[in-house]
Asker: 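The structure that follows is given in the form of structure tokens.
Keep in mind that the numbers below use all heavy atoms, side chains included, and drop hydrogens, waters and symmetry copies.
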Amino acid sequence: LKASWALIEHSEVRGIEQYESEASEILGQVSGLALQRPEVESVTDLYRDACMVRPVFKEGMVALAKRTFTYVDFSATVKPILRVVEKMALRRSAANTICDVNTCTIICDTMSRVADVVTDFSMCMELIVVGVEEHFVSQPLTNGWREMVIYFNVASDPYKHVCEARIAHALLVTVTAANGKEKAGGSFASLRGHGSYRQQALDPTKGGSSLFHRTQNASELLAFLDFDDVSKRPAQFAKLRSEGTSLKRLIHLGADRYALMQAGCAADELSAAGLQVIRSDMRSRSPSIFARMASKVAPADN
């Protein structure tokens, strides 16, 4: 993905400039986080509103795609309820914070088309933008994926249910959806001709978004445990140890020997738990621990 974006940056300089201009304008129009209406107090309320507006949502997105000469991809149904419950649990959030029960991906052949879509959202009176996430230029995701996410409601919807549109570049979509036997970067036209890119990407026999969704879940779990910031993991491990969490439990959660040594775990503890500790680790990763161990084996004075 990073190499693909580098190619886009090299070949679509003017398109990126156009996108940055339109993105700054739409970002200036909205402030704060997108939320459902306050009356949405449960998952039942959330899905009732989502199902009521779904036909109009799909019509609006198809019309936008026609106006901007892009392609829109929908999931077969609303977001699975188990995934919504999972997100609420991991984020410790309420039902009204979930804004992607109705979602689609608008796929653009160039960054100029991406800019056109952003402009259409800004100017369309039938779509009311309530939130924007910019991940193309200023805040790309750590795995290299880039997109813009727009949260909006349909003007004619009395419940003002917030829907989600993800705007993606065709090259990045093609790379994500490419299967293990093909080289990434195939023609988007051929991909489009073989059905939904989402169906290909989520096919368990292929290596595209199925891996992305697994790493996404892993990232959410790390954030839930306050392990997402690598530099702060040793301090978090030390805190959990002081609260009674066993060393085996931390290892089960994915703690490596370097972070555990920085958290103050002794080498003999790590060895007893099944982690191999070598002298070079102690020198390079945790000098204080190495010093303590060296003092234990220092020869007696003659």
Asker: Between P38 and N96, is there a side-chain heavy-atom distance shorter than 4.5 Å?
Answerer: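 No. Closest side-chain heavy atoms not under 4.5 Å.
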Asker: Should R37 and D49 count as an ion pair when the cut-off is N to O under 4.0 Å?
Answerer: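 Salt bridge present between R37 and D49.
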Asker: Test V62 against F74 for side-chain contact (heavy atoms from CB on, under 4.5 Å), laying out the working first.
Answerer: CA-CA 10 Å; V62 169; F74 299 99; 3.9 Å; yes
Asker: When hydrophobic residues are tied together by side-chain contacts of less than 4.5 Å, even through go-betweens, does V13 share a cluster with L172?
Answerer: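 Result: no, two separate clusters.
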Asker: Does the pair H252 and L250 meet the rule for a side-chain contact (heavy atoms from CB on, under 4.5 Å), with working shown?
Answerer: CA-CA 5 Å; H252 178 73; L250 292 178; over 6 Å; no
Asker: How many angstroms lie between OG1 in T176 and CH2 in W145, if you round to the nearest 0.5 Å?
Answerer: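 Output value for this atom pair is 4.0 Å.
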Asker: side-chain contact (heavy atoms from CB on, under 4.5 Å) for V117 and C108? Distances and angles first, verdict last.
Answerer: CA-CA 9 Å; V117 173; C108 310; 3.9 Å; yes
Asker: Do other residues, nucleotides or ligands put more than 12 heavy atoms under 6.0 Å from the CZ atom of R83?
Answerer: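 Result for CZ/R83: enclosed.
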Asker: Within the distance-only criterion (no hydrogens, no angle test), does the side chain of E134 pair as donor or acceptor with the backbone N or O of V137 below 3.5 angstrom?
Answerer: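 Here the side-chain-to-backbone pair exists.
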Asker: Which residue, N102, V101, T103, forms the side-chain contact (heavy atoms from CB on, under 4.5 Å) with E164?
Answerer: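 Among N102, V101, T103, the one meeting side-chain contact (heavy atoms from CB on, under 4.5 Å) with E164 is T103.
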Asker: Using 4.0 Å as the upper bound for N to carboxylate O, is an ion pair formed by K232 and D226?
Answerer: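 A salt bridge is absent here (no side-chain N lies under 4.0 Å from a carboxylate O).
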Asker: Other residues, nucleotides and ligands only: do more than 12 of their heavy atoms fall within 6.0 Å of CD on E86?
Answerer: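 Enclosed: over 12 neighbouring heavy atoms sit under 6.0 Å from CD of E86.
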Asker: Check Y19 against V118 and note the closest heavy-atom contact, atom names and distance.
Answerer: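 Answer, listing the atom of Y19 first, then V118: CE1-CG2, 4.2 Å.
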Asker: Closest approach of G144 and L1, non-hydrogen atoms and distance?
Answerer: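 Looking at all heavy atoms of both residues, the shortest contact is O-CB, 3.8 Å.
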Asker: For the pair D100 and K87, evaluate side-chain contact (heavy atoms from CB on, under 4.5 Å) and give the outcome as yes or no after the intermediate values.
Answerer: CA-CA 11 Å; D100 61 348; K87 290 177 68 173; 2.6 Å; yes
Asker: Quick one: pull up CD1 in I150 and SG in C163 and give me the separation to the nearest 0.5 Å.
Answerer: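 SG of C163 is found 12.5 Å from CD1 of I150.
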Asker: Can you find a side-chain donor-acceptor pair between E133 and Y151 that sits under 3.5 Å?
Answerer: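 Result is yes, a qualifying pair exists.
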Asker: How many angstroms lie between atom CG of L127 and atom CZ of F152, to the nearest 0.5 angstrom?
Answerer: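 Atom-to-atom, L127:CG and F152:CZ are 5.5 Å apart.
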Asker: Is the closest side-chain donor-acceptor distance between E12 and T110 under 3.5 Å?
Answerer: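 Per modelled atom types, E12 and T110 side chains form no pair under 3.5 Å.
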Asker: Does atom CZ of R67 have more than 12 heavy-atom neighbours from other groups under 6.0 Å away?
Answerer: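 More than 12 heavy atoms, drawn from other residues, nucleotides or ligands, come within 6.0 Å of this atom.
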Asker: Are L270 and I251 connected in a single hydrophobic cluster, I mean Ile/Leu/Val/Met/Phe/Trp/Tyr linked by side-chain heavy atoms less than 4.5 Å apart?
Answerer: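 Yes, I251 connects to L270 through the hydrophobic network.
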Asker: Tell me the closest heavy-atom pair linking L171 and L7, and the distance in Å.
Answerer: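 Looking at all heavy atoms of both residues, the closest pair is CD2-CD2, 4.1 Å.
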Asker: How many angstroms lie between atom CE of M148 and atom CG of L27, to the nearest 0.5 angstrom?
Answerer: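 It comes to 5.0 Å.
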Asker: Closest heavy-atom contact between I16 and E9?
Answerer: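 Answer, listing the atom of I16 first, then E9: CD1-CA, 3.6 Å.
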Asker: Measure the SG-CD distance between C99 and Q36 for me, rounded to the nearest 0.5 Å.
Answerer: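 Going from SG on C99 over to CD on Q36, the span is 4.5 Å.
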Asker: Consider only side-chain heavy atoms of I, L, V, M, F, W and Y, link residues closer than 4.5 Å, and tell whether M111 and I106 are in one cluster.
Answerer: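 In one cluster: yes.
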Asker: For a 4.5 angstrom cut-off between non-hydrogen side-chain atoms, does T105 reach E147?
Answerer: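 The answer is no, as the side chains (C-beta and beyond) never meet within the 4.5 Å cut-off.
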Asker: Assigning hydrophobic clusters by single linkage (Ile, Leu, Val, Met, Phe, Trp, Tyr; side-chain heavy-atom cutoff under 4.5 Å), is V130 placed with I98?
Answerer: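 No; tracing contacts between hydrophobic side chains, which count when under 4.5 Å, never links both residues.
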Asker: How close do F237 and A263 get, heavy atom to heavy atom, and via which atoms?
Answerer: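 For F237 versus A263, the nearest heavy atoms are CB-CB, 3.9 Å.
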Asker: Let me confirm one number: the CZ-CG distance from F69 to D109, rounded to the nearest 0.5 Å.
Answerer: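 With rounding to 0.5 Å, CZ (F69) is 12.0 Å from CG (D109).
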Asker: So do the side chains of E126 and S156 get within less than 4.5 Å of each other, counting heavy atoms only?
Answerer: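 No, too far: nothing below the 4.5 Å cut-off.
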Asker: Ignoring hydrogens and angles, tell me if any N or O in the side chain of R166 forms a donor-acceptor pair with the backbone of V149 under 3.5 Å.
Answerer: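 It does not hold such a pair.
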Asker: Which atoms form the tightest heavy-atom contact between L260 and L275, and what is the distance?
Answerer: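 Reported closest heavy-atom pair: CD1-CD1, 3.8 Å.
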Asker: Using a distance-only test with no angle check, is there a side-chain donor-acceptor pair under 3.5 angstrom linking D45 and S42?
Answerer: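 A donor-acceptor contact under 3.5 Å links the two side chains.
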Asker: Going by an N to O cut-off under 4.0 Å, is there a salt bridge joining D157 and K160?
Answerer: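 No.
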Asker: If we only count heavy atoms from C-beta on, is the H135 to P140 side-chain gap below 4.5 Å?
Answerer: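 No, side chains not in contact.
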Asker: Is it the case that one hydrophobic cluster holds both V154 and L35, taking links as side-chain heavy atoms less than 4.5 Å apart, direct or via other members?
Answerer: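 V154 and L35: separate clusters.
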Asker: For the pair T97 (side chain) and A94 (backbone), establish whether a donor and an acceptor sit closer than 3.5 Å, ignoring hydrogens and angles.
Answerer: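 Present.
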Asker: With a 4.5 Å heavy-atom cut-off, do K58 and R54 have their side chains touching?
Answerer: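 Yes; the side chains approach each other to less than 4.5 Å.
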Asker: Does the distance from a Lys or Arg side-chain N to an Asp or Glu carboxylate O, for R241 and E243, drop under 4.0 Å?
Answerer: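 Salt bridge between R241 and E243, a charged N being under 4.0 Å from a carboxylate O: no.
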